[in-house]
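In what follows, a single structure is set out as structure tokens and then discussed.
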Amino acid sequence: MNQDLSYVRQDMLVQQTPPVTERGLVKWLRENLFSTPMNALLTVLGFVAVVLLIRGILPWLLNGVWEATSLSECRAIVAANAGEGAHGACWAMVNERWNQFIYGFYPRELYWRPTIAFALMFVALAPVLYYGLNRANAIMVGVVGILLVLALVGVGTDGQHILLAAAIFVALTAVAWIAPKKLVWMTAAFPFVGFYLLWGGSVWGPIGVLAGFAIFAGVWLALQRAAGVVVAAGIAVVVAAVWWLVIQTTVTTFIAALLPVGLDAIDSDQFGGFLLAFTIGVTAISASLPMGILLALGRQSDMPLVKTLSVGFIEFIRGVPLITMLFTASLLLQYFLPPRSNFDLILRVIILVTFFASAYIAEVIRGGLAALPRGQYEAADALGLDYWQAQRLIIMPQALKISIPGIVSSFIGLFKDTTLVAFVGLYDPLLGITKIVRSDTAWKGIYWEPYLFVGAIFFLVCFSMSRYSMYLEQKLKTDHR
Amino acid sequence: MAEALKKMTVSDEVAIQITAMNKWYGTFHVLRDINMTVQRGERIVICGPSGSGKSTLIRCVNRLEEHQQGQIIVDGTELTNDLKNIDKVRSEVGMVFQHFNLFPHLTILENLTLAPLWVRKVPKREAEETAMHFLSKVKIPEQAHKYPGQLSGGQQQRVAIARSLCMKPRIMLFDEPTSALDPEMIKEVLDTMIQLAEEGMTMICVTHEMGFAQAVANRVIFMDQGQIVEQNEPKEFFNNPKSDRTKLFLSQILGH
Amino acid sequence: MTLAVEAPKESFRLSQLIYDTRYRSYTIQLIVLLLFLAFLLWLTNNTIQNLAAKDKDISFNFLWNRAGYDIDQQLIPYTNDSTHFRALLVGLLNTLAVAFLGCILATVIGVFAGVLRLSKNWLVSRLMTVYVETFRNVPLLLWIILAFTIFSEAMPEVKDFKVTQEIVDSGGSPAASMTFFDTVAITNRGSNVPAPLLTRPLGGFTVGGIPINLSVLATIALLAASIWVNAGLRRRAKAVQEATGVRPVTWWKSLAILIIPTVALLVAMGLHWEIPGFATGENGVSKGFNFIGGITVPHSFTALLIALSLYTGSYIAEAVRGGILAISRGQSEAAYALGLRPGRTMNLVILPQALRVIIPPLISQYLNLTKNTTLGIAVSYLDLKGTLGGITLNQTGRELECMMLMMLIYLCLSLIISSVMNVYNTSMKLKER
């Protein structure tokens, strides 16, 4: 055993490529598709499914016709292009009825109004969505402005209104760039601006309602020191209610007679398509937020009565299907409201949908509240903050932030559910508008295309929102750490 | 330093007066017949085994916990069910928690100015000046615009102390301020507390830092099973404990 | 030492109602109560006035009047001479049928899709992602309508199944043929499926107008008994395992206990299937205009069931995936390191933990599915909403009563489902500790 144990390497080995089974496509295939017999079987089954699906649908899509005036013309073109017996989609219908799917029966020359309102919605959301990223706000407002101008040109708006829209967005972008916090005022004003743009009528109506809120705030601030937060709020609500219910109409009618400023009034019958879906969805979700917060706080309350009422409301709403709520709006509200009070079906639907959404939002926020450590409440108490101050300054900012993904998914659910308003006679994009399109003799018998088209738009909106909420979730996990 | 502290006079003015106080959690008698007077300028350390009710006692002083019997008078205000009294006491008494309880969604500066702005209704500019003053005092003025999550534990606790000080409290309560900290960070917090003591702040401190007690306190209170078992000057307390329970506790805590 | 303040005054001041923590909550609750009562009073008052103005009253007597309309899917006997109440029952049973089957189907689909989405197989996991995202982001209503459209527009007509004289003469076959080994005929009107028939049925009786079939009852009872016996067998096996360390092999015993008695009973009762088809004359030429024999399942039911299951399945898949992901990889690695085989690891370590995470969202998906059955009105499926809240409401004009009753029933259904599942959930939780 006289072996020399010492060893010195003379030349260093260069890096070598792995054997063929361990690299490139082969490795990827082996690991991802054929790692076990079971996996191989699944791969083959999946592959067959994909192929069958593509073979069934692809020719139909490829043979699609974009320019035609009726279904029979479509079929004729398909037969001419792809041979007798071939199937082809008739997108010409979408091409022709596009505006109706988006705007319903809104007057064509007024399309700029809902379009601007839609763009302003993004500006109003900016402080919420891009909280803390100020420059991003300005960039987004600018991009929305450019898209808006393009869209306005697309729907054939007159130059005057395009200029108006451009001016508004240049101003807003400037505000977002210089003083991003000021955008919050846009958020606060949006409900009134949006309502005014959509429904039109005298400008004094929305201003009157806004004045009610101003009165509420004024009275509350004036009395807060003397009477305490809750009592002051109570008195302010009463005063504002008196204004809204008793005084406002007289005053606004009077001013409107003196200074008739306004846009053409639009009847609710003229709403339809995605305009209607967005109007109901966005209004209901934003209106349900304050209500949901109150319900969530009520559910957490130590006071048995408040707690019972909140739980009862939440569980009742969550226990019945949305359709029954919609039918309540269309059939039952006339029994519950004072005689001869008769208001718009869309408004009634929005109120009931808001109730519906608020119960779900309340549960989302309850989850957010539960995620906060007890120490936050104690620290707020020890500093001498009262209940409402602690909620407003400490608890809610944190709880709401945690709840944003939940709120977004509630909105997605609600947005999809707006299709149900078709059952109470409104023209939602899925059933309502499609029914109108199909009752046109030119398009009689068309069924795949409208459903696919509407489905695709819903998918785009909902999918992007859900991805956005996932991004937010990720961001919140790492924020401030 | 410690010598300077020892020489500091304690005024005759009563800061906190607790008489015949009892508290129950359900049927569990957590505080039993507590009688205690704290003079203005006194620095009191409360120690005792876990579950002895020491945290509960100081949480009663600003009514984070409600007592069922007896009387607690803080700075001339009796703690009753009256919300106005509770608000008054809470704005006069600062509290530092074991887990800091900073507000994670606000910057350090916002954490400090929140209560002065909303409770004391101080103008924003003044509140910020005060905040910066106390931040420099706890030696982290450069962190003012960071968020609590970006600071170390010791820094967070010092911010929490500064947050309480911004309310210009006349009494400070410390609830195990160093228990959640890594050893190397304990000193920076204790230094801040000692500095506070030197300025004559009335302090009640629940802690296991016996070195701190010996150096700073002018009275040590030992609690067990919800009652005050022994209280004395630190020197006497540590060198010559009277009660068997105290001896046992001290042997366990100092025994190694 | 002197006390800083004198003893508090015992006299009661009005400001104490707001500033005293003892009375404050009572004050607020009293105000809330008063507001709530005022609101109720306002509602009631309005309702009374409105009813008076329309010359109506509140009465549920209409439930006992003749309904006068037909329901094509009826799980209990019903004709248009039956009462509105019976129509309500038929509708409720239709709701329950589609909800029950939907929950089972959605769970199966959801568990498969959720597990496969986590699979290492690239193609399969991508396909499942596409399925989940497509179904979650498009309204359920669209899926229901689409499913119904596929059935009613793309399926052959009844006459395509007929064998005519010409076909016999030319030696060809009819335009459409039956699927599933010639047992199911899917036409554009409905699916004709085989009907189970018994040659020696046990008979039955009726309770309050609802017929009880003894044969079905006996089968269910026997099945339940088998499951109970099987549970006993498993307990025995566990006891043996604990005593000796070796677990006796039970799977074939379980299988036998679960299957044999039921099959034996069914054979004893003479179970056979009646396959739908045309009456055949000479040379195999079909006679008549429709299938005879078998059961015709309306497409409204099938489409609703399929759409609901696929839609809810995509949500359940996400819950399942989330539940499994929530269990850290460390858990399975620890189990493998202890020498447990993958199957055992899944049963003993992963599932008990994952189920705790999965069950709460599962409950809410079951609730959603049950509530979503109301969308059946889009395809004229006569469930509770279609009968009580649809035709009955329109015929009688009793909006208030019908809507109230319907909401109450749905509320009860939801509460029952959530409480049953909650009981199960708590038992799961207790088992772990």
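We use all heavy atoms of the structure for the numbers below, so side chains are in, but hydrogens, waters and symmetry mates are not. Proteins come first, then strands; the chains are lettered A, B, ... in the order of their sequence lines, and each starts at number 1.
By number of non-hydrogen pairs under 4.5 angstrom with chain A, the leading residue of C/Ile31, C/Val130, C/Ile150 is C/Ile150. Of the listed residues (A/Val454, A/Ile412, A/Leu420), the one with the most heavy-atom contacts under 4.5 Å to chain C is A/Leu420. Ranked by heavy-atom pairs under 4.5 Å with chain C, the first of A/Cys462, A/Pro338, A/Gly455, A/Ala40 is A/Pro338. Highest contact tally toward chain A, considering only C/Lys385, C/Met404, C/Arg126, is held by C/Lys385 [criterion: heavy-atom pairs under 4.5 Å]. Across A/Leu332, A/Leu460, A/Thr434, A/Val50, the residue that shares the most heavy-atom pairs under 4.5 angstrom with chain C is A/Leu332. Among C/Leu146, C/Thr44, C/Ile377, the residue with the largest count of heavy-atom pairs under 4.5 Å with chain A is C/Ile377. Ranked by heavy-atom pairs under 4.5 Å with chain A, the first of C/Asn45, C/Leu375, C/Leu415 is C/Leu375. Of the listed residues (A/Ser301, A/Ala456, A/Pro304), the one with the most heavy-atom contacts under 4.5 Å to chain C is A/Pro304.
Looking at residues two or more places apart in sequence or on another chain, you find a salt bridge (Lys or Arg N to Asp or Glu O under 4.0 Å) between A/Glu363 and A/Arg299, A/Arg366. In this structure, the salt bridge (Lys or Arg N to Asp or Glu O under 4.0 Å) partners of C/Lys56, at least two apart in sequence or on a different chain, are C/Glu399.
At a 4.5 Å heavy-atom cutoff, the contact between A/Phe423 and chain C is made by side-chain atoms alone. Within the 4.5 angstrom heavy-atom criterion, atoms from both the backbone and the side chain of C/Leu142 approach chain A. With a threshold of 4.5 angstrom between heavy atoms, A/Ile457 does not approach chain C through any atom at all. Neither the backbone nor the side chain of C/Thr373 has a heavy atom closer than 4.5 Å to any heavy atom of chain A. Heavy atoms of A/Leu309 lying under 4.5 Å from chain C belong exclusively to its side chain. Contact annotation for A/Thr419: both backbone and side-chain heavy atoms come within less than 4.5 Å of a heavy atom of chain C. Using a 4.5 Å cut-off between heavy atoms, C/Met406 contacts chain A through its side chain alone, with no backbone atom that close. Both the backbone and the side chain of A/Leu42 come within less than 4.5 Å of a heavy atom in chain C. Contacts of A/Val461 with chain C are absent, with no heavy-atom separation under 4.5 Å from either backbone or side chain. Proximity to chain C (any heavy atom under 4.5 Å) is restricted, for A/Tyr447, to the side chain, taken from C-beta onward. With a 4.5 angstrom heavy-atom cutoff, C/Leu393 touches chain A only via side-chain atoms. Looking at A/Leu337, both its backbone and its side chain come within 4.5 Å of chain C, counting heavy atoms on both sides.
By the 4.5 Å heavy-atom criterion applied to side chains, A/Tyr335 and C/Leu51 are counted as neighbours. Between A/Leu431 and C/Ile145 there is a side-chain heavy-atom pair separated by less than 4.5 Å. The shortest distance between side-chain heavy atoms of A/Gln334 and C/Lys54 falls below 4.5 Å. Taking 4.5 Å as the limit, every side-chain heavy atom of A/Phe336 sits out of range of all side-chain heavy atoms of C/Asn46. Between A/Asp302 and C/Ser25 the shortest side-chain heavy-atom distance does not fall below 4.5 Å. When side chains are defined from C-beta on, A/Leu305 does not count as touching C/Tyr26, because their heavy atoms never get closer than 4.5 Å.
A/Phe47 CZ: 12 or fewer foreign heavy atoms inside a 6.0 Å radius. The number of heavy atoms from other shown groups lying within 6.0 Å of CZ (C/Phe112) does not exceed 12.
Interatomic distance, A/Thr43 OG1 to C/Leu123 CG, rounded to the nearest 0.5 Å: 6.0 Å. Expressed to the nearest 0.5 Å, how far CD of A/Glu315 lies from OG of C/Ser418 amounts to 7.0 Å. One distance of note links CE of A/Met303 with CG of C/Leu30; it measures 12.0 Å at 0.5 Å rounding.
Residues of residues 132-140 of chain C lying under 4.5 angstrom from chain A, judged on non-hydrogen atoms, are C/Glu133, C/Thr134, C/Arg136, C/Asn137, C/Val138, C/Pro139 in numerical order. Proximity to chain C among residues 322-329 of chain A is limited to A/Ile323, A/Thr324, A/Met325, A/Phe327, A/Thr328, judged by heavy-atom separations below 4.5 angstrom.
Each of C/Met403, C/Met407, C/Lys371 was evaluated against A/Val320; a single residue qualifies, C/Met407, per the side chain to side chain contact (heavy atoms under 4.5 Å, CB included) test.
Listed here is the closest heavy atom pair of C/Ser414 and A/Gly319: OG-O, 2.7 Å.
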